[in-house]
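Following: one structure in structure tokens, then a few remarks.
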Amino acid sequence: MSQGTNYVLGVYEDEDVLMDAITAVRESGVKIEEVYSPFPVHGIDDVLGYKRSWLSIAAFLFGITGTCLALTMMIGMMGIDWPMIIGGKDYIPIPSFIPVTFEMTVLLASFGMVGTFFVISNLKPWGKPRIYDIRITDDKHVMAIDLDRNDKSEADIKKVLQSSGASEVNNKKFD
Amino acid sequence: MHAESEVRIPLVTGGKTLHDVSEDIAGRVEQKPTVTWMLAMAVSLALLLAGGYAVAITLWDGIGMWGLNKTVGWAWDITNFVWWVGIGHAGTLISAVLLLFRQRWRMSINRASEAMTIFAVICAAMFPVLHMGRPWLGFYWALPLPNTFGSLWVNFNSPLLWDVFAISTYFSVSLVFWYIGLIPDFATIRDRATNKISKAIYGALSFGWTGGAKTWSHYETVSLVLAGLATPLVLSVHTIVSFDFATSVIPGWHTTIFPPYFVAGAIFSGFAMVLTLLLVTRKAYKLEDYITIQHIELMNIIIIVTGSIVGIAYITEFFIAWYSGVEAEQYAFINRATGPYWWAYWSMMTCNVISPQLFWFKKIRTNIAATFVISIIVNIGMWFERFVIIVTSLHRDYLPSSWAMFYPTWYDVGVYVFTFGLFFTAFFLFAKFFPVINMAEVKSIIKATGQKPTKSGN
């Protein structure tokens, strides 16, 4: 999705005011592009109408991959490629394989999930973030509204934001 | 919405606002290093250097420089290894297990404890690596490489190999967990930075974080799933470390109680080390409003619980040795308590079983000086525990003609000192350049702790 250039920002001080404001702004027909917060606000994804994150499913799939990979590796090495009897155990001693299988499952699930998170959230060390307001990472919640994607006039949107309890309403332009 | 009962004591005191949190924590990163910090750093670098000499000699001349002999083939190296790994359990326990239990008091202490975990695991890894003698060949010995690389495939029946997988997974998952938590805070420092260099460095470290609701939503899922994965992981690590001993046939090691007993001991020593470090950090950085007496008290309660589990484990071990009717086993335990290493055994008993029981008194567990002293005593005791398990079980071999004592050389001491240097250097660097408290998480509880009246009237 290409990013817009012309924004109106509603700045909020309090997360409870913000939550009510999101509902009010959405009901008035204004499309919110995104809400930025200094900390995770619980329940904000519900009022914004976001779906539950699917990253837990990704973690499960990566984990299963790890399980299969570990078992394939160990059975291949100790059972097929170079079978040896060690400590009177079978060629494929499954109980001995459990610890490594568990560790590989956790390793792949964690790294796979976090890697996916970085990719879908566009997080990378060389990333150039678009900062709407420098106080977002400090103490302000900011509601970003893309003027070009809304039918309402700028004045109307500002009015909606002000009546929703925003402490400031600002304009922000990007090149 | 979140509802909080009125009787709950606030987790952050002093009527802090969100901006105060940024000022108090990020401000520490921005200010110039203090003289105290530089002195502390100088001491740890001196330890690192002095210990580095012992490490260099060990690598150059081999592990014959240590005090090991053919009877006691494992001593300080593995004692220190298990000790450091144990310390490295508190961080992930605090951030993962307490997250799953929704214990919000973890939020002011999880960052520093996770950092401690990571540094402790690095220190622990030094010992098996050095004990390889020729660590540069370690790749062939520890990694699953094809037979054409020299020796055979690694042996997946060996608990030592499980350890390789367990420790490296634990280290990397803890590192990721810690880093995920740091990203939003690095963004705070990036946005506050006034000079170009720190803006560029913290900008890269923050991965271009913006704090959008969609990202936070994924972020919360990632934290929760990582906590769910890290919880069995943290329990598995010391379980597998205990398998190094428990799967052997040495009297004194061959016991099924080891996994839970080691895990409890690890949490016990880990919390003690967290307290030692945090009490100093709290004082130096004036974090009394974030790490309150309540936090200290709660950690001390965990120390009583795990310390009592450890105490019961010691007694159970002794009972089972008698009850099993196995003479070798019985001898191993009687020898621990009354043999030539009786002083180590009784130091362990005093430090680990008696000293934490003092925390039953509220006066003691809410007293900072007492907590600091006991936290150090606990870690001394936990070092002796590993020493007792390892050396006393080995030194009286099956044949009396092979009986021996273990005497550490200066190189044993030096390598241990080296890991202290490494640990404190890393921790002081962390305390200076990284936010020591998770700002984003603490900000999320500022209101919930009843500082300000809220609209819903909580």
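Since this is a predicted model, take the numbers as computed values, not measurements.
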Original post:
Based on non-hydrogen pairs under 4.5 Å, which of A:I136, A:N122, A:T105, A:V114 is most in contact with chain B?
Top reply: A:V114
Under 4.5 Å from a heavy atom of chain A, the part of [X] involved:
X	result
B:V176	side chain
B:P232	both
B:R192	neither
B:L226	both

Do [X] and [Y] come within less than 4.5 Å of each other through their side chains, counting heavy atoms only?
X	Y	answer
B:K214	A:Y50	yes
B:D191	A:R135	no
B:I180	A:F117	yes
A:S121	B:Y219	no

Original post:
Can a donor-acceptor pair be found between the side chains of B:S236 and A:E103 at a distance below 3.5 Å?
Top reply: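 There is such a pair between these side chains.
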Subject >> Under 3.5 Å donor-acceptor, B:W162 side chain and A:S96 backbone >> reply: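 Yes, B:W162 side chain to A:S96 backbone: donor-acceptor pair under 3.5 Å.
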**OP:** Using the six-membered ring wherever Trp is involved, compare the ring planes of B:F207 and A:F118 and label them parallel, tilted or perpendicular (cut-offs 30° and 60°).
**Re:** tilted
Hey, which of [options] has the most heavy atom pairs under 4.5 Å with chain A?
options	value
B:L229, B:V164, B:I183, B:I189	B:L229
B:S217, B:S158, B:G211	B:G211
B:L224, B:L161, B:V225	B:V225

Original post:
Does any heavy atom of chain B fall under 4.5 Å from the side chain of A:I44, the backbone, both, or neither of them?
Top reply: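 The answer is the side chain of A:I44.
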**OP:** Would you indicate whether A:K159, at its atom NZ, is surrounded by more than 12 heavy atoms from other residues, nucleotides or ligands within a distance under 6.0 Å?
**Re:**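 At most 12 heavy atoms, drawn from other residues, nucleotides or ligands, come within 6.0 Å of this atom.
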Original post:
Name the one of B:T169, B:V222, B:V173 that satisfies side chain to side chain contact (heavy atoms under 4.5 Å, CB included) with A:S110?
Top reply: B:V173
